[in-house]
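Order of appearance sets the numbers: ligands from 1, and atoms from 1 within every ligand. Heavy-atom basis, side chains included; hydrogens, waters and symmetry copies ignored.
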Amino acid sequence: MRRNNAPPRPATLAAQGLGWTDATTGAVVMPIQPATTYIRDPDNQYRRGRGYARADNPGYDQPQALLTALEGGAASVVLSSGMAAATTVFRALPLGAHVVAQKVMYWGLRRWIESHAATGHITVDFADASSLDALRDAVIPGRTRLVWIETPANPLWSVVDIAGAAAIAHAAGARLAVDSTAATPVLTRPLEHGADLVMHSATKYLNGHSDVVAGTLTAARDDPFWQSLVAERGNGGAILGSLEAYLLLRGMRTLFLRVARASASAQRIAEAMEAHPKVAAVLYPGLPTHPGHAVAARQMEGGFGGMLSIRVAGGEAAAIAAAARVELWKRATSLGGVESLVEHRASIEGAGTPVPPDLLRLSVGIEDPEDLIDDLDRALSG
Ligand SMILES: Cc1ncc(COP(=O)(O)O)c(C=O)c1O
């Protein structure tokens, strides 16, 4: 029953794209606006609020408003990729700012942070953020401006206590930013736990169909720092195309169905893999044996996500051989699409990676989980 005057629940907001309809035609899908420029009023004003498409695009309004509603934030922006979203935050920090980032997280961003620090713009310390003591030791009160965490984090799916991390960041005078790509707002809303910024690689679950590269940022407050991020998107030019913004919204409308299905299947697959003789370990926050399970159970709602990793008995060669034998799972990088992907993660990260060489990362899609288990079983059994 609809609660008196209560707003619709998040799954309803997503399915209906906030219920927006086109005022001109009544269309239940908002039009794609490809224009790069807009007419000035005769008196030289831009009263309709649009001037040039690098600054803004009407096609951003609906996905941004929906994401803001789902995350419970003050405002959101869509950008050209997850990396564009993340790096915009780091580039907006004042010269010499100290940053604490997670030791094992999405490797592409970790590498970029190292290279950005090497230019002298920021200084960085990497900490095992799944330990709040390690995080507390790494922040420098008065100097740390940003604490960056990812939870659950690639590719060990380690879990960070967001509320604990927020308290540590704030006590030091820093902001807490959370890469919530793997959790999605369906399972975790970091702002509710005290985070200041949420970032998504929208390439993954938000779009969900492996056909758009996009990123998002959502802020707890519309403050000057947030305004500097919004300005940087337009001025730096990391903008999303009109068609991509449309596809992103279309993907978001099925977000709740896809994430619920992927999470339930991942739980089932994790349990099956735990009992498999050719699997040495299963890394999935939904398993009581996972070190982050208790925290995940507190801050994730409705499931533990569609991402897990397995460590194959027999080491690196056995892991690569198993990945070579899958038929339904696709051997590919990325995650969060409707089709299931498997990846030997150390191969893509290369020398110096902290990822165990026997690890296969699994992105569970929305297929029948029994088919996925059968395929893995065949591949692992050789
Ligand atoms: C957790 C996470 N964060 C950020 C990124 C970067 O996003 P994008 O590839 O959209 O730039 C990725 C991409 O793999 C990711 O998995």
Side-chain angles (χ1 to χ4, degrees), residues 63 67 76-91 101-116 129-130 148-160 162 177-188 190 195 197-218 233 236-241 244-245 247-248 251-252 259 262 266 283 285 292 300 304-309 330 332-337 339-350 353-355 359 361-365:
L67 187 63
S76 301
V77 287
V78 293
L79 299 99
S80 55
S81 66
M83 283 300 289
T87 59
T88 295
V89 178
F90 287 87
R91 278 196 299 260
Q102 200 161 324
K103 201 175 262 170
V104 182
M105 63 173 191
Y106 170 58
W107 75 295
L109 182 58
R110 186 179 67 232
R111 239 182 14 174
W112 182 89
I113 294 169
E114 282 166 348
S115 69
H116 192 54
S130 60
W148 184 280
I149 61 170
E150 178 184 331
T151 186
N154 263 291
L156 308 179
W157 312 111
S158 47
V159 176
V160 183
I162 301 172
V178 181
D179 180 340
S180 195
T181 298
T184 81
V186 177
L187 306 176
T188 305
L197 278 174
V198 183
M199 173 254 155
H200 290 280
S201 167
T203 314
K204 318 301 182 192
Y205 289 100
L206 293 184
N207 173 63
H209 293 75
S210 307
D211 56 6
V212 169
V213 175
T216 68
L217 292 170
T218 301
R233 176 186 63 180
I239 58 165
L240 195 61
E244 286 74 12
L247 287 170
L248 172 58
M252 288 171 74
V259 170
L283 310 177
M300 300 183 83
F304 296 90
M307 295 304 302
L308 70 146
S309 295
K330 305 293 173 228
T333 196
S334 201
L335 58 99
E339 65 286 295
S340 294
L341 306 179
V342 57
E343 182 176 41
H344 181 250
R345 199 60 205 162
S347 293
I348 196 161
E349 298 196 12
T353 174
V355 174
L359 181 144
R361 187 179 82 173
L362 305 177
S363 171
V364 178

**Request:** Write out the residue and atom name of the closest protein heavy atom to atom 16 (O) of ligand 1, then the distance separating them to 0.1 Å.
**Result:** Asn154 ND2, 3.5 Å
**Asked** Are His200 and ligand 1 in contact, using a heavy-atom cut-off of under 4.0 Å?
**Response** no
**Message:** Considering non-hydrogen atoms of the protein only, which is the closest contact for atom 11 (O) of ligand 1, and what is the distance?
**Reply:** Met83 N, 2.8 Å
**Asked** Quick one: which ligand 1 atoms are inside 4.0 Å of a heavy atom on Gly82?
**Response** 7 (O), 8 (P), 10 (O), 11 (O)
**Message:** Check whether Gln102 reaches the backbone of Ala129 with its side chain - one donor and one acceptor, N or O, closer than 3.5 Å.
**Reply:** no
**Request:** Name the closest protein heavy atom to atom 10 (O) of ligand 1, giving the residue it belongs to and the distance to 0.1 Å.
**Result:** Thr203 OG1, 2.6 Å
**Message:** Ring centres under 6.0 Å, that's the criterion: do Phe90 and Trp148 meet it?
**Reply:** yes
**Message:** List ligand 1 atoms under 4.0 Å from Met199, heavy atoms only on the residue side.
**Reply:** 4 (C)
**Prompt:** So is Ser201 polar-close to ligand 1, meaning N/O to N/O under 3.5 Å?
**Reply:** yes
**Request:** Under 4.0 Å, heavy atoms only, figure out whether ligand 1 is touched by the backbone of Met105, its side chain, both or neither.
**Result:** neither
**Prompt:** Tell me: protein heavy atom nearest atom 14 (O) of ligand 1, and distance?
**Reply:** Lys204 NZ, 2.9 Å
**Spatial distance of atom OG (Ser210) from atom CD (Glu339) [nearest 0.5 Å]** = 3.5 Å
**Asked** Atom NZ of Lys330 and atom OG of Ser363: how far apart are they, to the nearest 0.5 Å?
**Response** 13.0 Å
**Prompt:** If you round to the nearest 0.5 Å, how far is OG of Ser80 from CD1 of Ile239?
**Reply:** 8.0 Å
**Message:** List ligand 1 atoms under 4.0 Å from Ser81, heavy atoms only on the residue side.
**Reply:** 10 (O), 11 (O)
**Complete:** Quick look: Leu335 vs ligand 1, heavy-atom contacts under 4.0 Å, and the answer is side chain
**Request:** Report the part of Leu109 (side chain from C-beta onward, or backbone N, CA, C, O) that has a heavy atom under 4.0 Å from ligand 1; answer both or neither where that applies.
**Result:** neither
**Fill in**
One should read off an interatomic distance between Tyr106 OH and Glu349 CD, to the nearest 0.5 angstrom, of 9.0 Å
**Prompt:** Is ligand 1 less than 4.0 angstrom away from at least one heavy atom of Ala153?
**Reply:** no
**Asked** To the nearest 0.5 Å, how far apart are OG1 in Thr216 and NE2 in His200?
**Response** 5.0 Å
**Prompt:** Is the shortest distance from a heavy atom of Asp179 to ligand 1 less than 4.0 Å?
**Reply:** yes
**Asked** With no hydrogens and no angle check, do the side chains of Asn154 and Arg345 hold a donor and an acceptor under 3.5 Å apart?
**Response** no
**Asked** Does ligand 1 have a heavy atom under 4.0 Å from the side chain of Ala214, from its backbone, from both, or from neither?
**Response** backbone
**Request:** Could you tell me the separation between the CE atom of Met105 and the OG atom of Ser158, rounded to the nearest 0.5 Å?
**Result:** 11.5 Å
**Fill in**
closest protein heavy atom to atom 6 (C) of ligand 1 is Tyr106 CE2, 3.5 Å
**Request:** For residues Met252 and Pro63, report the shortest heavy-atom separation together with the two atoms involved.
**Result:** CE-O, 3.9 Å
